[in-house]
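A quick write-up on the structure given underneath.
These numbers come from the heavy atoms of this one structure, side chains and all, not from hydrogens, waters or symmetry mates.
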Amino acid sequence: MFTGLVEKTGIVQSVVTGDGGTVVKVTSPPGTDEFHVGESIAVNGVCLTVIGFRGDQFDVEISPETLQKSNLVNLKKGDCVNIERALKVGGRLGGHFVNGHVDCVAVIGSIKKYGDSMVFEIRADDNIMRYMVYKGSVAVNGISLTISKVLRSAFEVTVLPYTLLQTNLASAKPGDRVNIEVDIIGKYVERFVKGDKDASLLDALGKSGYLKED
């Protein structure tokens, strides 16, 4: 579990693909000496497992499925990635609940200056847009952000100067692909509501005799 409050950015040192997956070496931000092999870390919002650690680098292995469903598939040496360690029990939850399970890859449509901040318009498919709520939360490349506007096929987030400086959104540009994870609370609410409707429908069909047991 993560909060979407990026601690530091790291730099990709190498990307090596083998039969079992892809191993990525990343320079570690200050404080990652607390890591142990097997612990979780979010890289661009994707929950990964540390498989090695030495000096100022840590290694993570990425499965083919994760590569396919995130922008990590485009990682190359020299890329800047957002880093967040897993939330400690009793720690402050300053962002929102982030699982590190990316829902989709979206595209930055435009970036506009708004005072000292920047407004990002992010284009996403309908199956993701249904979870976007004005003033709700969304994780973009693992960053917990507040939705400032909801459009038909896009949403906007306003990124403050501090967040820009601490994350890889500082170098983002229109056309870049970003990882999106919607607020898990919305998913649970949808499932509970849909589940009740499905149960009621099946119960009604059963009572009417439309559905018969073999």
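- The backbone N or O of Leu5 sits nowhere less than 3.5 Å from a side-chain atom of Ser144 that would complete a donor-acceptor pair.
- Using a 4.5 Å cut-off on side-chain heavy atoms (C-beta onward), Leu48 and Ile62 make contact.
- Between the side chains of Asp176 and Asn71, no donor-acceptor pair of N or O atoms lies under 3.5 Å.
- Checked against Leu145 for a side-chain contact (heavy atoms from CB on, under 4.5 Å), the options Thr158, Ile122, Val157, Thr167 give a single hit: Val157.
- Atom NZ of Lys173 has 12 or fewer heavy atoms from other residues, nucleotides or ligands within 6.0 Å.
- In the hydrophobic clustering, Tyr114 connects to Val119, either directly or through intervening members, whenever side-chain heavy atoms lie under 4.5 Å apart.
- The CG atom of Leu72 lies 10.0 Å from the OG atom of Ser63; values are rounded to the nearest 0.5 Å.
- The side-chain heavy atoms of Ile83 and Phe58, taken from C-beta on, include a pair separated by under 4.5 Å.
- Listed for the Glu121 side chain is no donor-acceptor partner under 3.5 Å among the backbone atoms of Ala154.
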**Message:** Before you tell me yes or no, could you show the steps for Glu61 and Thr49 under side chain to side chain contact (heavy atoms under 4.5 Å, CB included), namely the whole-Å CA-CA distance, both residues' side-chain angles and the distance that decides it to 0.1 Å?
**Reply:** CA-CA 7 Å; Glu61 188 171 25; Thr49 301; over 6 Å; no
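- The backbone N or O of Ser148 lies less than 3.5 Å from no partner atom in the side chain of Glu156, so there is not a single donor-acceptor pair.
- A distance-only check finds no donor-acceptor pair linking the side chain of Asn82 to the backbone of Gly45 [under 3.5 Å].
- Under the 4.5 Å side-chain heavy-atom criterion for ILVMFWY residues, a single connected hydrophobic cluster contains both Val43 and Leu67.
- Considering every non-hydrogen atom in both Phe155 and Met129, the closest pair reads CD2-SD, 4.0 Å.
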**Request:** Could you walk me through whether Ile41 and Glu84 pass the side chain to side chain contact (heavy atoms under 4.5 Å, CB included) test, one step at a time?
**Result:** CA-CA 6 Å; Ile41 184 171; Glu84 182 189 354; over 6 Å; no
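- Residues Val46 and Glu181 are not in side-chain contact: their nearest non-hydrogen atoms beyond the backbone lie 4.5 Å or more apart.
- Residues Lys25 and Val12 form no side-chain contact, since every pair of their non-hydrogen atoms from C-beta on lies 4.5 Å or further apart.
- Heavy-atom minimum distance, Leu160 versus Ser117: CD2-OG, 3.4 Å.
- Residues Phe97 and Tyr188 are members of one and the same hydrophobic cluster, defined by side-chain heavy-atom contacts under 4.5 angstrom among Ile, Leu, Val, Met, Phe, Trp and Tyr.
- One distance of note links CG of Asp116 with CG of Leu164; it measures 10.5 Å at 0.5 Å rounding.
- Atom CG of Leu151 is surrounded by more than 12 heavy atoms from other residues, nucleotides or ligands within 6.0 Å.
- No path of Ile, Leu, Val, Met, Phe, Trp and Tyr side chains, each step under 4.5 Å between heavy atoms, connects Val107 with Val150, placing them in separate hydrophobic clusters.
- Across all their heavy atoms, Arg54 and Asp59 have their closest contact at NH1-OD2, 2.9 Å.
- In this structure, OG on Ser110 lies 9.5 Å from CE on Met118, to the nearest 0.5 angstrom.
- By the rule that hydrophobic residues join a cluster once side-chain heavy atoms approach within less than 4.5 Å of another member, Val98 and Ile128 end up as members of separate clusters.
- In the hydrophobic clustering, Ile51 connects to Val23, either directly or through intervening members, whenever side-chain heavy atoms lie under 4.5 Å apart.
- Using modelled atom types, one finds no donor on one side chain facing an acceptor on the other under 3.5 Å when comparing Asn127 with Asp103.
- The heavy-atom pair separating Pro64 from Gly21 by the smallest distance is CD-CA, 4.5 Å.
- For the pair Met132/Val182, a side-chain contact is recorded, criterion being any heavy-atom separation below 4.5 Å from C-beta on.
- Atom OG1 in Thr66 sits 9.0 Å away from atom NE2 in His101 (nearest 0.5 Å).
- For the pair Ser137/Ile147, no side-chain contact is recorded, criterion being any heavy-atom separation below 4.5 Å from C-beta on.
- The minimum heavy-atom distance between Phe2 and Arg85, with the atom names listed, is CD2-O, 3.5 Å.
- Between Thr27 and Gln13, the closest heavy-atom pair is CG2-NE2, 2.9 Å.
- The hydrophobic clustering, which links ILVMFWY residues whose side-chain heavy atoms are closer than 4.5 Å, places Val193 and Ile185 together.
- Val73 places a side-chain heavy atom less than 4.5 Å from the side chain of Arg177.
- Distance CG/Asn141 to SG/Cys80: 10.0 Å, rounded to 0.5 Å.
- A side-chain donor-acceptor contact under 3.5 Å links Asn179 to the backbone of Asn44.
- Contact annotation: the side chain of Val140 approaches that of Ile180 to within less than 4.5 Å [non-hydrogen atoms, C-beta and beyond].
- Tested against Leu169 for a side-chain contact (heavy atoms from CB on, under 4.5 Å), the candidates Ile143, Val6, Thr9 yield a single pass: Ile143.
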